[in-house]
J.: 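Once you've had a glance at the structure underneath, I'll fire off some questions.
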Amino acid sequence: MAFLIILITCFVIILATSQPCQTPDDFVAATSPGHIIIGGLFAIHEKMLSSEDSPRRPQIQECVGFEISVFLQTLAMIHSIEMINNSTLLSGVKLGYEIYDTCTEVPVAMAATLRFLSKFNCSRETVEFKCDYSSYMPRVKAVIGSGYSEITMAVSRMLNLQLMPQVGYESTAEILSDKIRFPSFLRTVPSDFHQIKAMAHLIQKSGWNWIGIITTDDDYGQLALNTFIIQAEANNVCIAFKEVLPAFLSDNTIEVRINRTLKKIILEAQVNVIVVFLRQFHVFDLFNKAIEMNINKMWIASDNWSTATKITTIPNVKKIGKVVGFAFRRGNISSFHSFLQNLHLLPSDSHKLLHEYAMHLSACAYVKDTDLSRCIFNHSQRTLAYKANKAIERNFVMRNDFLWDYAEPGLIHSIQLAVFALGYAIRDLCQARDCQNPNAFQPWEQIQSKCSKECSPGQMKKTTRSQHICCYECENCPENHYTNQTDMPHCLLCNNKTHWAPVRSTMCFEKEVEYLNWNDSLAILLLILSLLGIIFVLVVGIIFTRNLNTPVVKSSGGLRVCYVILLCHFLNFASTSFFIGEPQDFTCKTRQTMFGVSFTLCISCILTKSLKILLAFSFDPKLQKFLKCLYRPILIIFTCTGIQVVICTLWLIFAAPTVEVNVSLPRVIILECEEGSILAFGTMLGYIAILAFICFIFAFKGRKLPENYNEAKFITFGMLIYFIAWITFIPIYATTFGKYVPAVEIIVILISNYGILCCTFIPKCYVIICKQEINTKSAFLKMIYSYSSHSVSSIALSPASLDSMSGNVTMTNPSSSGKSATWQKSKDLQAQAFAHICRENATSVSKTLPRKRMSSI
């Protein structure tokens, strides 16, 4: 076919050079003058009439079979050009057009193409042979069409000689995307690759795996068939049969081939789904025959005929079964409807096509609208009779709605896009040129002109309010999106779990994995503070060991208790190291349980000390009796710590902390410890808070102990620091995210640990090192004697006052004998205690208090 095209082209060019070809008037379907002429190729008639099986002479025969749908496509081009001429897009420049009927035949289309390529403003209308066509000025600046891919390929090969822009509005063959073979071809519809891929996906998702396919024997049909076979295999779909029909109606074997195809469908009874890559007239004949044979199948339609009114208006078409098809994108074509309403206003002398349509309307004046298309199709040009202009105008007005019913919105929109794409290209070229001069630019320059500047990688096309997809704005891709090619219609999304992209990115970047690293400045600072705390614990331990027998150390509960408390502080400081570094399952489980148990043990020891101090200096008999029953140091420590151990054990068994990959942040991946159970974590911290609160109450009760050594006061301060730190921690921890979440807990642990450690041991160390004169047995006993004497004096004074009050009450109200007895009993107990203390003080300073109390202190 390609070789034949080249031969025909060479022959016609040579003939045109030697002897000018005078184009018959009836060869031009429609024309309109203008400063810039755009050519159009439309298959208005379905075939070329020929009395012989093969042509004997190189001449264009008469075309028959008037197609209403293609006639409407021609009108869509005329309407779009008029829209541009009536707008301000090309100010002062008028577009004209020359539209030719290809008769659905390659030779006719190539004859029209030769006229497009003929030299502009030359009386001989010849195509010159040149080595360089850069400065060659042809008759037209661009060509729109043809609709069918086979014809488009032949025309495009000729237009490539001068790189004349050709904009296809219906040609979907995938091979036309090859810019090496077809450098000047452009189109406003997607290639068949996307349609075929969607078809195969639809079939696979519908559960069909045994199908048939019908196509044509030209390049379009063979390419569609080959692509579909590849896509079908990829989707595990098997093809039962492949039937091929002649591409053109002029082939006399077409009816025989259709009958053979339908018999094949009947024989393959298990095949219920058939994919059809045919043209409208093929499908029309195929379905009419299928209705006669009672064939009922599922038909998958290509965009060539899926929305064709010619097919949907076939009588009893529902008997063929169901049709699922793919169609072109639709746009707003309301203005085209108004254009059709005023179709009679167009001059018929320059629109031979319009005049022919009017003749057909007159011939079919008494035919119903449902049969009008078929009536027009059956009338050839030879059977037309001349009608007066008034009768033609009346027929136009009466049959306006008929045309609109046959309009295919997708194709009309595609033609509008093609015309406006050329309009915007011409506008760009005419900004610095006088385009009223037809020689202002060469056709090939339009290929480099665009309605909008191309969007660079990192940007996407955003269609403006105009319906034309060739005109758009470039918009930067948002964060986590990218484009790696120019003029991409949308940005691609990065995998948010592992990658990210900045605004206007051309690629995705891997997210950086972050955690509180050992090299982080904040982590180093916190480690230094923890290390200083450990050193401080060791120093305190050494000081207390070297001063083992001093009253300060003994009053602290002895070396064992001090060692236990110091060990707890050591473990608390050491637990902070588990919050730093790459999280592991072991560190996640260890850090919270280690801190929880050690801190609980520390608070339990301090609780026993607070209870002991309160017991030693309490003179209320009832309170003293209660405290004596409650005071069981070892049992308290083991019970309080054991409860925490149970809480942590249940936590580790049922909802243990684990390593979590947090991908919620846009640019980084955070490795963190997920606590497993917020309830368990809160229970652990809440339990420590309860113990600390009890400890605080006991210490607060004993805050007025001897001023030189008031351990309860410092325990109170330590618990207050703990509460302030952890109450502050809760909102900060809840609102902080990222790699510094562990740092928040480390800081709180250090604050509470330092607070309790300093309040518990710094006053004692100060006495041991700087106040050695009061760290003696005699000074200690003297301090206690002074405090006890003051306390007993206060108790001794109270009975006298109470006696006076009791007497007054008795005199005033003799009936209150019960209350007087109670006061008397309290007075006797206080007097006995005071006499006992005075007696011991008179004997010796060493026996100021009873032995049990002295030993407890």
Side-chain angles (χ1 to χ4, degrees), residues 529 533 536-537 540 552 555-557 561-573 575-576 592 595-618 623 626-627 630-631 633 636-641 643-644 647 681-707 709-733 744-767:
L529 292 175
F536 181 60
V537 168
V540 171
V552 170
S555 66
S556 298
V561 176
C562 291
Y563 276 170
V564 172
I565 296 176
L566 290 173
L567 176 63
C568 293
H569 285 297
F570 175 85
L571 294 175
N572 288 335
F573 284 121
S575 68
T576 58
Q592 297 292 4
F595 162 72
V597 173
S598 59
F599 207 85
T600 301
L601 180 59
C602 176
I603 298 295
S604 299
C605 292
I606 296 174
L607 178 62
T608 58
K609 289 180 63 177
S610 301
L611 187 61
K612 182 177 180 180
I613 293 169
L614 190 63
L615 175 64
F617 290 94
S618 175
L623 180 60
F626 172 74
L627 292 175
L630 183 64
Y631 185 66
I636 290 174
I637 292 173
F638 273 94
T639 302
C640 294
T641 308
I643 293 173
Q644 186 67 287
I647 293 172
F681 181 50
T683 303
M684 182 198 77
L685 296 179
Y687 178 69
I688 297 174
I690 292 172
L691 293 180
F693 182 74
I694 297 171
C695 184
F696 170 79
I697 295 298
F698 285 168
F700 185 77
K701 286 282 188 180
R703 68 189 185 283
K704 296 182 180 180
L705 295 181
E707 294 180 0
Y709 179 69
N710 191 347
E711 189 174 15
K713 182 191 299 183
F714 294 109
I715 291 175
T716 304
F717 289 151
M719 294 301 109
L720 283 175
I721 293 173
Y722 164 81
F723 283 123
I724 293 171
W726 285 95
I727 290 173
T728 307
F729 162 78
I730 294 173
I732 296 177
Y733 185 83
V744 175
E745 190 168 353
I746 293 174
I747 292 171
V748 175
I749 291 173
L750 291 177
I751 292 173
S752 56
N753 213 32
Y754 267 112
I756 295 174
L757 179 64
C758 293
C759 289
T760 304
F761 291 100
I762 283 184
K764 301 180 192 300
C765 293
Y766 175 75
V767 172

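Positions are given from 1, in the same order as the sequence printed here.
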J.: Between Ile746 and Leu750, is any pair of side-chain heavy atoms under 4.5 Å apart?
T.: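 Yes - at least one pair of side-chain heavy atoms lies under 4.5 Å apart.
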J.: Do the rings of Tyr733 and Phe681 sit parallel, tilted or perpendicular, given the 30° and 60° boundaries?
T.: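 Tilted.
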J.: Would you give the length of the straight line joining atom CD1 of Ile697 to atom OG1 of Thr716, rounded to the nearest 0.5 angstrom?
T.: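 Taking CD1 in Ile697 and OG1 in Thr716, the distance rounds to 9.0 Å.
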J.: Could you please spell out the steps behind the side chain to side chain contact (heavy atoms under 4.5 Å, CB included) verdict for Phe696 and Phe723?
T.: CA-CA 10 Å; Phe696 170 79; Phe723 283 123; 4.2 Å; yes
J.: Is the closest side-chain heavy-atom distance between Ile756 and Met719 below 4.5 Å?
T.: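 Counting from C-beta outward, Ile756 and Met719 do come under 4.5 Å.
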J.: Counting C-beta onward and ignoring hydrogens, is there a side-chain heavy-atom pair between Val552 and Tyr766 closer than 4.5 Å?
T.: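 They are not in side-chain contact.
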J.: Roughly how far, to the nearest 0.5 Å, is the OG atom of Ser604 from the CD atom of Gln644?
T.: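 The distance works out to 9.0 Å.
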J.: Of all the heavy-atom pairs spanning Cys765 and Val540, show the shortest one and how long it is.
T.: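 Smallest interatomic distance, heavy atoms only, reads SG-CG2, 4.1 Å.
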J.: So, for Cys602 and Ile565, which heavy atoms are closest and what is the spacing to 0.1 Å?
T.: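 Result for this residue pair: SG-CG2, 4.1 Å.
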J.: Without swapping roles, check the side chain of Thr641 against the backbone of Phe638 for a donor-acceptor pair under 3.5 Å.
T.: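 Flag not set: sc Thr641 to bb Phe638 has no pair under 3.5 Å.
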J.: Going by heavy atoms in the side chains, are Ile751 and Ile721 under 4.5 Å from each other?
T.: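 Yes, their side chains come closer than 4.5 Å.
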J.: Take a 6.0 Å sphere around CZ of Phe536 and say whether it holds more than 12 heavy atoms from other residues, nucleotides or ligands.
T.: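 Correct, the count exceeds 12.
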J.: Less than 4.5 Å apart, side chain to side chain, heavy atoms only: is that true for Lys609 and Thr760?
T.: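 With C-beta onward as the side chain, the pair touches.
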J.: Test Phe599 against Trp726 for ring-ring contact (aromatic ring centres under 6.0 Å, His included), laying out the working first.
T.: CA-CA 13 Å; Phe599 207 85; Trp726 285 95; 7.1 Å; no
J.: Do the side chains of Leu566 and Leu757 get nearer than 4.5 Å, heavy atoms only?
T.: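 Sidechains of Leu566 and Leu757: in contact.
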J.: Provide the closest heavy-atom pair for Val564 versus Cys605 in the form atom of the first, atom of the second, distance.
T.: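 Smallest heavy-atom distance, with atoms named: CG1-SG, 3.5 Å.
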J.: Does Ser598 have any side-chain hydrogen bond (donor to acceptor under 3.5 Å, both in side chains) partners at least two apart in sequence or in another chain, and if so, which?
T.: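 Counting only residues at least two positions away or on another chain, Ser598 forms a side-chain hydrogen bond (donor to acceptor under 3.5 Å, both in side chains) with Asn572.
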J.: Rounded to the nearest 0.5 Å, what separation is found between the OH atom of Tyr563 and the SG atom of Cys568?
T.: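 Result: 14.5 Å between the selected atoms.
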J.: Quick check: Phe573 with Tyr754 (ring centres under 6.0 Å apart)?
T.: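 Centroid separation for Tyr754 and Phe573: below 6.0 Å.
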J.: A side-chain contact here means heavy atoms from C-beta on lying under 4.5 Å apart; do Phe698 and Ile694 qualify?
T.: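 Heavy-atom side-chain distance check passes, below 4.5 Å.
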J.: Which pair of heavy atoms, one from Cys640 and one from Thr600, lies closest together, and at what distance?
T.: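 The answer is O-CG2, 3.6 Å.
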J.: To the nearest 0.5 angstrom, please state how far the CZ atom of Phe700 sits from the CZ atom of Phe693.
T.: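 Between Phe700 CZ and Phe693 CZ, I get 10.5 Å after rounding to 0.5 Å.
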J.: Tell me the closest heavy-atom pair linking Ile715 and Ala699, and the distance in Å.
T.: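 Where Ile715 meets Ala699 most closely, the heavy atoms are CG2-CB, 3.6 Å.
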J.: Quick one: pull up CD1 in Ile749 and CG in Leu529 and give me the separation to the nearest 0.5 Å.
T.: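 Those atoms lie 13.0 Å apart.
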J.: Are Phe729 and Leu685 close enough that some pair of their side-chain heavy atoms sits under 4.5 Å apart?
T.: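 Phe729 reaches Leu685 side chain to side chain.
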J.: Please report the interatomic distance CG(Leu691) to CD1(Ile643), rounded to the nearest 0.5 Å.
T.: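 Here the rounded value is 7.5 Å.
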J.: Could you report the tightest heavy-atom contact between Gln592 and Met684, atom names first, then the distance?
T.: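 Minimum heavy-atom contact is O-SD, 3.5 Å.
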